[in-house]
Protein chains: 2
Amino acid sequence: MEAKDHKIPQFAVIKQYLEQQINTQQWAPGRRIPTEQSLADTFSVSRMTARRAVQELADRGILTRTQGSGTYVAEKSQSIPNLPIKDVVAVAKAEHSHKHKIISADAVQITSDIAKLMGLQTDTLVFQLTVVHLYVDRPIQWQKIWVNRSMAPALLKQKLDKVDPNDYLDWLCRPQKTDYQLKAVLPTASQRLQLMLSQQDTLNCMQLSRRHWSADAVFSFSIMLHPAESYYLGDELKEVQ
Amino acid sequence: MEAKDHKIPQFAVIKQYLEQQINTQQWAPGRRIPTEQSLADTFSVSRMTARRAVQELADRGILTRTQGSGTYVAEKSQSIPNLPIKDVVAVAKAEHSHKHKIISADAVQITSDIAKLMGLQTDTLVFQLTVVHLYVDRPIQWQKIWVNRSMAPALLKQKLDKVDPNDYLDWLCRPQKTDYQLKAVLPTASQRLQLMLSQQDTLNCMQLSRRHWSADAVFSFSIMLHPAESYYLGDELKEVQ
DNA sequence: TATTATAAGTTGTATATACAAATAATATGT
DNA sequence: ACATATTATTTGTATATACAACTTATAATA
């Protein structure tokens, strides 16, 4: 773990020092740490080198900096960082093993709950699509998409059985921002049917809700359902050794 | 969205340009982008300024760089970035509304599946604790922890009803690395009981598995169960406007 | 032809410097 | 005592330079 034959750069040494001070609680959260200049002096490097060490820890959220004031140890994060959740459909597409099936595609009046999430008025007309995504021939995701009609007026005129509507929408209005939410749900009977889940199969699904934004408006809202016990969602913890 | 009265720094301008080229597919994944020097020349800035723009995009995984070769547009990520999952227990602790209840605390022989995950031999003695975490008086998490005995030999001698064993373990062997995995599960009868879930309540739980590493060894493995429909796990999607 | 040096190109690290911008402490004036 | 300037401190941006480390292309050699 240690025996590197390569020279450790100086900014990395300072970084290690800072991390150590924080991890061993020598420097408590909220505490002000030495200035860039002071670090540069003690480690006999230029300010820019010391700065890099500090900056990289700030980028990771370990330190917070404010111009004119100083650099402080960040309060302990209350969120689990970077839980890598795989986009199973993207993986399937990358492996050229993806197919999709359009269950329904209509223009409907939006319900109030979805309207609120999309920033639209209730009863606005939106496109509503139900899609099942397959890995080879096995369903891996059930998806319902609501689309802002004014931002993709020609959606239903596309050959949606050929082109995944998600791809079309991504191409048409490239998402600037994306929102996610995750929860565990029980699938409805029809969802179970469309996901081809038998009685023996798990009763649980991971439900991912997603909003795509273009500028300041939501252009699509999706609910995506994944069979829970499958290996698809979440990184498998690898065996040690 | 635009009308900033502050001057936009030059590295940000270059960053924007690069992002635009990538987002509009002008530069496809895998394509080599202009060198730092070339960017510096076209934007009439120093190489270090151009470098910063490139570097920050590389830090975000949008570009990949290899010394001696060049900088390339990264292949499309197949994982959903930065899904912010709150650590509900940490939040409860921050609000000073956290209590915990030790259900059991023993030394047991490890089963083969857990042994594999912890990198230990089957039948090794480990500490096994079952803990329920409360927000004020409501259970928000059921937790089972397996602890490498050699790394925390005095664990069971602590006043575990006073000090959360997680805090003790964090203090004793500060985790260098952490692994997570997430899935949806149905709680067992006893888990439901300990989480005080009634028949009317949701049948689903989000299960988070976590490994804490110290150097190259796993020192604890936890399974944490959260009632699913609660607001605890995952960021609530906010209403627009 | 195949192998091995050599050179050129590109990113990585580091320095010394300068000024801008925000904050915090001090001095000033009423 | 209070409000207002002024100054000092600290981080943010930017430049020009130098050399190290690595990759790739080219030239030299067997």
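Lettering follows sequence order; numbering is per chain, from 1.
When the side-chain nitrogen and oxygen atoms of A:Arg52 are compared with OP1 and OP2 of C:dT13, one or more of them lie within a distance under 4.0 Å.
A cation-pi arrangement, defined by a distance under 6.0 Å to the six-membered ring centre and an angle within 45 degrees of its axis, is present between B:Arg52 and B:Phe11.
Using a 4.0 Å cut-off between a side-chain N of Lys or Arg and a carboxylate O of Asp or Glu, B:Asp137 and B:Lys99 qualify as a salt bridge.
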Donor-acceptor contacts under 3.5 Å from residues 64-73 of chain A side chains, at least two apart:
unit_1, atom_1, unit_2, atom_2, d
A:Arg65, NE, A:Thr71, OG1, 3.2
A:Arg65, NH1, A:Glu36, OE2, 3.2
A:Arg65, NH1, A:Gln55, OE1, 3.0
A:Arg65, NH2, A:Glu36, OE2, 2.6
A:Arg65, NH2, A:Thr71, OG1, 3.4
A:Ser69, OG, A:Tyr72, OH, 2.5

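Proximity of residues 37-49 of chain B to DNA chain C (heavy atom under 4.0 angstrom from any strand atom) is restricted to B:Arg47, B:Met48. Contacts between residues 64-76 of chain B and DNA chain C, defined by a heavy-atom separation below 4.0 Å, involve B:Arg65, B:Thr66, B:Gln67, B:Gly68, B:Ser69, B:Gly70, B:Thr71, listed by number.
To the nearest angstrom, P of D:dA20 lies 14 Å from CD of A:Gln10. Between the CD atom of B:Gln55 and the C1' atom of C:dT10 there is a distance of 13 Å, given to the nearest Å. For A:Arg32 and D:dT11, the CZ to P distance is 7 Å, given to the nearest whole Å. Remark: C1' of D:dT13 and CD of B:Glu56 are 11 Å apart, rounded to the nearest angstrom. Whole-Å rounding puts the A:Glu36 CD to D:dA14 P distance at 15 Å.
Under the rule for a side chain to side chain contact (heavy atoms under 4.5 Å, CB included), the partners of A:Ala90 that lie at least two apart in sequence or sit in another chain are A:Asp87, B:Gln78. Annotation: side chain to side chain donor-acceptor pair (under 3.5 Å) contacts of B:His133 (sequence neighbours excluded): B:His98, B:Gln143. Applying the side chain to side chain contact (heavy atoms under 4.5 Å, CB included) criterion to B:Arg60, with sequence neighbours excluded, gives B:Lys15, B:Glu19, B:Leu57, B:Ile62.
For the side-chain contact (heavy atoms from CB on, under 4.5 Å) criterion with B:Leu120, the lone passing option out of B:Ile114, B:Asn148, B:Val218 is B:Asn148.
You'll find that the side chain of B:Arg51 is closest to C:dT11, out of D:dT15, D:dT13, C:dT11.
Around CD of A:Gln26, the count of heavy atoms belonging to other residues, nucleotides or ligands within 6.0 Å exceeds 12.
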